Engineer: 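Structure in structure tokens, see below.
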Amino acid sequence: MDQQELSTYRKIYETVKMIPAGKVATYGQIARIVGGCTAIMVGYAMAGVSDPAIPWQRVINSRGGISIKDQSGYSLQKALLESEGVVFDQSDKVDLSIFGWQGPELQLF
DNA sequence: ATGTTGACCGACT
DNA sequence: GAGTCGGCCAACA
């Protein structure tokens with residue numbers, strides 16, 4: 001992993017840290033905000049995270065669902081989000097029009 | 001080096 | 001809604 005990749009990963013983590021509690025963002029959204037990386041890179045970055053300061057659970061897929069295949073990881077993420085006030089519907093999906101993070105621009109206001 | 005998979009996305013049928 | 005495809009790129013065998 002060279003310096004450019006480390007920089008990109010740092011940006012990913014910085015961006016994820018900006019997501020407020022009770023809100024969620026999608027992999028593609030993070031990738032667009034960071035720039036120069038793709039959604040699946042964000043997924044890899046989240047999988048390898050060890051820093052508890054990073055709210056990795058607030059990153060979900062574009063359909064508002066959890067993408068973790070591991071069952072325990074899946075239920076853990078869902079539980080963490082529900083404890084923050086995020087609501088899942090009958091299909092285990094989050095309504096992004098309600099809980100979706102609008103991006104870092106919103107925080108300037 | 002090559003092929004496959006993946007906590008993915010978007011467009012298309 | 002479901003299934004397919006191409007694209008992106010890191011990790012792994």
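All chains are named by letter (A, B, ...) in the order of the sequence lines, taking the proteins before the strands, and each is independently numbered beginning at 1. It should be emphasised that the depicted structure is a prediction, and the values quoted were computed from it without experimental measurement.
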Engineer: Regarding B/dA7, can its base be found pairing with the side chain of A/Y27 as donor and acceptor, where the two atoms are less than 3.5 Å apart?
Structural biologist: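 Side chain to base: pair found, below 3.5 Å.
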Engineer: Over how many whole Å does the gap from A/Q29 atom CD to C/dC8 atom P extend?
Structural biologist: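 Answer to the nearest Å: 22 Å.
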Engineer: Tell me the closest heavy-atom pair linking A/I68 and A/W56, and the distance in Å.
Structural biologist: CD1-CZ3, 4.0 Å
Engineer: Nearest to the A/S67 side chain among B/dC8, B/dG10, B/dG6, which nucleotide is it?
Structural biologist: B/dC8
Engineer: Output the rounded distance in Å from CD1 (A/I66) to C1' (B/dC8).
Structural biologist: 15 Å
Engineer: Just the rounded figure in Å: distance from P of C/dC5 to CD1 of A/I40.
Structural biologist: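 Atom CD1 in A/I40 sits about 18 Å away from atom P in C/dC5.
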Engineer: Return no unless some side-chain N or O of A/S62 is found under 4.0 Å from OP1 or OP2 of B/dC8.
Structural biologist: no
Engineer: Compare the minimum distances between each of B/dA7, B/dC8, C/dA11 and the side chain of A/Y9, then state the nucleotide with the smallest one.
Structural biologist: C/dA11
Engineer: Rounding to a whole Å, what distance do you find between A/M46:CE and C/dA10:P?
Structural biologist: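 For the pair A/M46 CE and C/dA10 P, the rounded distance is 15 Å.
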Engineer: Within the structure provided, determine whether A/I33 and A/W101 are in side-chain contact (heavy-atom separation under 4.5 Å).
Structural biologist: yes
Engineer: Consider the side chain of A/T38, meaning its heavy atoms from C-beta on, and name the nucleotide among C/dC8, B/dC9, B/dG6 that approaches it most closely.
Structural biologist: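 In terms of side-chain proximity for A/T38, the closest of C/dC8, B/dC9, B/dG6 is C/dC8.
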Engineer: Rounded to whole angstrom, note down the C1' distance from B/dA1 over to C/dA13.
Structural biologist: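 Pairwise C1' distance, B/dA1 against C/dA13, rounds to 13 Å.
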Engineer: For A/F88 and A/I66, what are the C-alpha separation, side-chain angles and deciding distance, and is it a side-chain contact (heavy atoms from CB on, under 4.5 Å)?
Structural biologist: CA-CA 10 Å; A/F88 287 78; A/I66 293 169; 3.9 Å; yes
Engineer: Could you tell me how far apart A/I33 (CD1) and B/dC9 (P) are, to the nearest whole angstrom?
Structural biologist: 13 Å
Engineer: Please answer whether the main-chain N or O of A/V59 pairs with a side-chain N or O of A/Q77 as donor and acceptor at a distance below 3.5 Å.
Structural biologist: yes
Engineer: Using the P atom as the reference point in each nucleotide, state the distance between B/dA7 and C/dG7 in Å, no decimals.
Structural biologist: 22 Å
Engineer: For B/dA7 and A/R63 - does any side-chain N or O of the residue sit under 4.0 Å from the phosphate oxygens OP1/OP2?
Structural biologist: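 Answer no for this pair, as no side-chain N or O of A/R63 is under 4.0 Å from OP1 or OP2.
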Engineer: For the side chain of A/A39, counting heavy atoms from C-beta on, which of B/dC9, B/dT5, B/dA7 is nearest?
Structural biologist: B/dC9
Engineer: Report the residue (A/V59 or A/R32) whose heavy-atom-nearest nucleotide on DNA chain B is the more 5′ of the two.
Structural biologist: A/V59
Engineer: Which of these nucleotides, B/dC8, C/dA11, C/dC9, is closest to any side-chain atom of A/M41?
Structural biologist: C/dC9
Engineer: Take atom CD1 of A/I30 and atom P of B/dC9, then tell me their distance rounded to the nearest Å.
Structural biologist: 11 Å
Engineer: Could you tell me the separation between the CD1 atom of A/I54 and the P atom of B/dA7, rounded to a whole number of Å?
Structural biologist: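 The distance from CD1 of A/I54 to P of B/dA7 comes to 18 Å, rounded to the nearest Å.
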Engineer: Side chains of A/I12 and A/M46: closer than 4.5 Å at any heavy-atom pair?
Structural biologist: yes
Engineer: Tell me: CG of A/D92 to C1' of B/dA7, nearest whole Å?
Structural biologist: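 A/D92 atom CG is separated from B/dA7 atom C1' by 15 Å.
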